[in-house]
Enquirer: 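One structure follows; several queries about it will come next.
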2 protein chains.
Amino acid sequence: MCEQCNYKELLKSVHLEPTEKRLRVLEVIGNNTFPLSASDIHDTLDRNQSINRVTVYRILDLLVDKKIVDRISTGGRAAYYGLGPNEHHQAHPHFYCKSCGQMDCLNPGAMAVEMSNFKKTFPGRIDKLELRLDGICKNCLKKTIN
Amino acid sequence: MCEQCNYKELLKSVHLEPTEKRLRVLEVIGNNTFPLSASDIHDTLDRNQSINRVTVYRILDLLVDKKIVDRISTGGRAAYYGLGPNEHHQAHPHFYCKSCGQMDCLNPGAMAVEMSNFKKTFPGRIDKLELRLDGICKNCLKKTIN
DNA sequence: TACTCAATGCAACTGTATTGCATTTATCAA
DNA sequence: TTGATAAATGCAATACAGTTGCATTGAGTA
Ligand SMILES: [Mn+2]
Ligand SMILES: [Mn+2]
Ligand SMILES: [Zn+2]
Ligand SMILES: [Zn+2]
């Protein structure tokens with residue numbers, strides 16, 4: 001969730017036309033406290049004004065390219081999308097529930113990763129670090145015996 | 001790569017019949033220094049004695065279930081498979097090259113993750129931690145301008 | 001207004017994985 | 001050893017997530 005972000009300005013700042021559909025996609029992502037799958041996003045938007053799922057995928061690709069949005073892998077098949085790290089939002093780890101598919105954002109400081117020494121000697125280019133916990137969430141633990 | 005592992009015993013220890021195909025799948029995974037996709041594994045095996053790709057998927061599911069093999073997500077679409085952590089092999093982070101799809105195993109100590117405090121208060125069940133770097137590997141950096 | 005190009009829609013397609021059911025192979029009791 | 005049973009594997013069809021090619025629409029500009 002981001003109250004500080006002006007999505008229109010955010011789009012302009014990376015030279016993307018702030019079209020209605022792009023704004024809606026970005027709003028759905030920004031107004032959620034947890035990352036969503038492409039089909040979650042499509043379903044949400046399609047309830048109000050119709051939008052093609054391919055358009056959603058294309059907008060997501062653009063937003064990820066421009067680093068406004070973060071594509072997060074899961075223990076499952078579909079990628080999830082959340083606001084990318086910026087001045088208001090630090091990068092942070094996630095928890096993915098294998099049972100219900102819910103992904104939660106964890107506190108940025110929850111797990112400290114020390115990798116400065118590694119970075120010094122690594123010969124490739126590092127674009128991104130992803131730290132994810134997989135397991136069963138509180139709610140699902142209650143419901144069933146896993 | 002695992003010289004210490006007796007794959008037959010490893011299968012027996014988790015109550016899986018050590019069939020020829022299961023052994024071959026486990027050997028391909030164990031004899032590699034980096035994780036492989038299901039189709040990498042299938043292609044490798046199929047060169048020698050024919051094996052159906054569905055059988056490979058089913059064996060991989062079993063091995064992952066029994067925690068002999070680790071299913072590792074990538075920045076891409078396919079999951080990769082490597083030997084799971086055990087007495088000889090510590091869990092460790094991976095580096096995934098977006099350009100060539102090669103995944104490398106990093107030194108277990110390369111990045112220290114401190115999460116003991118987090119674990120104490122987290123209400124769900126944590127089964128696995130995945131730490132992955134995405135970027136461009138040394139070789140791909142040389143070849144092209146990304 | 002007419003032209004141009006970006007944005008979107010739609011259908012077909014791809015890669016990855018899963019399912020249902022048939023066939024083969026292994027296990028075990030008689 | 002044989003036949004019954006269950007496990008393992010194969011094969012075809014299907015599901016799922018995402019991508020591509022091309023048509024249509026819409027926004028900006030002369
Ligand atoms: Mn998040
Ligand atoms: Mn590894
Ligand atoms: Zn859950
Ligand atoms: Zn590479």
Side-chain angles (χ1 to χ4, degrees), chain A residues 7-8 11-12 14-29 35-46 48-66 68-81 96 98 100-101 103, chain B residues 7-8 11-12 14-29 35-46 48-66 68-81 96 98 100-101 103:
Chain A
Y7 298 128
K8 199 162 181 171
L11 286 170
K12 283 184 188 165
V14 294
H15 310 294
L16 286 180
E17 277 298 311
T19 66
E20 193 59 21
K21 316 244 171 195
R22 285 174 186 169
L23 273 168
R24 295 290 91 77
V25 169
L26 192 46
E27 279 168 16
V28 170
I29 294 172
L36 301 169
S37 71
S39 87
D40 290 339
I41 295 166
H42 176 253
D43 292 352
T44 302
L45 290 171
D46 210 39
N48 303 316
Q49 44 155 194
S50 128
I51 183 172
N52 192 274
R53 62 188 201 92
V54 177
T55 303
V56 173
Y57 278 116
R58 285 201 271 236
I59 291 174
L60 289 171
D61 284 349
L62 281 174
L63 298 177
V64 169
D65 258 21
K66 301 293 191 179
I68 291 181
V69 163
D70 213 5
R71 175 180 283 127
I72 304 156
S73 71
T74 68
R77 302 240 252 134
Y80 280 40
Y81 298 86
Y96 177 74
K98 299 185 279 196
C100 64
M103 183 175 272
Chain B
Y7 298 126
K8 199 161 181 171
L11 287 170
K12 283 184 188 166
V14 294
H15 311 294
L16 285 180
E17 278 298 311
T19 66
E20 192 60 20
K21 317 245 171 196
R22 286 174 183 168
L23 274 168
R24 295 289 91 76
V25 169
L26 192 46
E27 279 167 16
V28 169
I29 294 172
L36 300 169
S37 71
S39 87
D40 290 339
I41 295 165
H42 176 253
D43 291 352
T44 302
L45 289 171
D46 209 39
N48 301 316
Q49 43 156 194
S50 129
I51 182 172
N52 191 274
R53 62 193 199 89
V54 176
T55 303
V56 173
Y57 279 116
R58 285 201 270 236
I59 290 174
L60 289 171
D61 284 349
L62 281 174
L63 298 178
V64 169
D65 259 20
K66 300 294 190 179
I68 291 179
V69 162
D70 212 5
R71 174 180 283 128
I72 305 156
S73 71
T74 68
R77 301 238 252 133
Y80 279 41
Y81 298 87
Y96 178 72
K98 297 185 280 195
C100 64
M103 183 175 271

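A, B, ... follow the sequence lines: proteins, then strands. Residue 1 opens every chain. Hydrogens, waters and symmetry mates are skipped; everything else that's a heavy atom, side chains included, is used. Since we're looking at a predicted model, the values are computed, not measured.
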Enquirer: For residues B/L11 and B/I68, determine if any side-chain heavy atom of one lies less than 4.5 Å from a side-chain heavy atom of the other.
Expert: yes
Enquirer: Hey, which of these two, A/E17 or A/V54, hits DNA chain D nearer its 5' end, going by closest nucleotide?
Expert: A/V54
Enquirer: Does some side-chain heavy atom of B/Y96 sit less than 4.5 Å from a side-chain heavy atom of B/I72?
Expert: no
Enquirer: Rounding to a whole Å, what distance do you find between A/D46:CG and C/dG9:C1'?
Expert: 12 Å
Enquirer: Without decimals, in angstroms, what is the distance between A/L45 CG and C/dG9 P?
Expert: 11 Å
Enquirer: With a non-hydrogen cut-off below 4.0 angstrom, is B/T74 in contact with a base, only sugar-phosphate, or nothing?
Expert: nothing
Enquirer: With a 4.0 Å cutoff (strictly under), does any side-chain N or O of B/T19 reach OP1 or OP2 of D/dT9?
Expert: yes
Enquirer: Would you check if A/R71 and A/D61 make a side-chain contact, meaning some heavy-atom pair closer than 4.5 Å?
Expert: yes
Enquirer: If you check the A/R58 side chain, which of C/dT16, D/dC22, C/dA12 turns out closest?
Expert: D/dC22
Enquirer: Walk me through it: do B/V56 and B/L60 pass the test side-chain contact (heavy atoms from CB on, under 4.5 Å)?
Expert: CA-CA 6 Å; B/V56 173; B/L60 289 171; 3.8 Å; yes
Enquirer: For B/R77 and D/dC16, what is the distance between atoms CZ and C1' respectively, to the nearest whole Å?
Expert: 9 Å
Enquirer: For B/R53 and for B/R22, find the nucleotide of DNA chain D with the closest heavy atom, then tell me which residue's nucleotide is more 5'.
Expert: B/R22
Enquirer: Between P on C/dA17 and CD1 on B/I59, what's the gap in Å once rounded to a whole number?
Expert: 15 Å
Enquirer: Calculate the interatomic distance between B/L16 atom CG and C/dA26 atom P; express it in whole Å.
Expert: 16 Å
Enquirer: Would you kindly give the CG-to-P distance between A/L62 and D/dT19, to the nearest whole Å?
Expert: 12 Å
Enquirer: Whole angstrom is fine here: how far is it from CD1 in A/I51 over to C1' in D/dT24?
Expert: 16 Å
Enquirer: Rounding to a whole Å, what distance do you find between B/I41:CD1 and C/dA17:P?
Expert: 10 Å
Enquirer: Taking the side chain as every heavy atom from C-beta outward, state whether A/V14 and A/L62 have any pair of such atoms under 4.5 Å apart.
Expert: no
Enquirer: Looking at A/K21, does any N or O in its side chain come under 4.0 Å of the phosphate oxygens OP1/OP2 on C/dG9?
Expert: yes
Enquirer: Is the shortest side-chain N/O distance from B/Y57 to OP1 or OP2 of C/dA17 below 4.0 Å?
Expert: yes
Enquirer: Respond yes when some side-chain nitrogen or oxygen of A/N52 is under 4.0 Å from OP1 or OP2 of C/dC10, and no when none is.
Expert: yes
Enquirer: C/dG9 phosphate, OP1 or OP2: any side-chain N/O from A/T55 under 4.0 angstrom?
Expert: yes
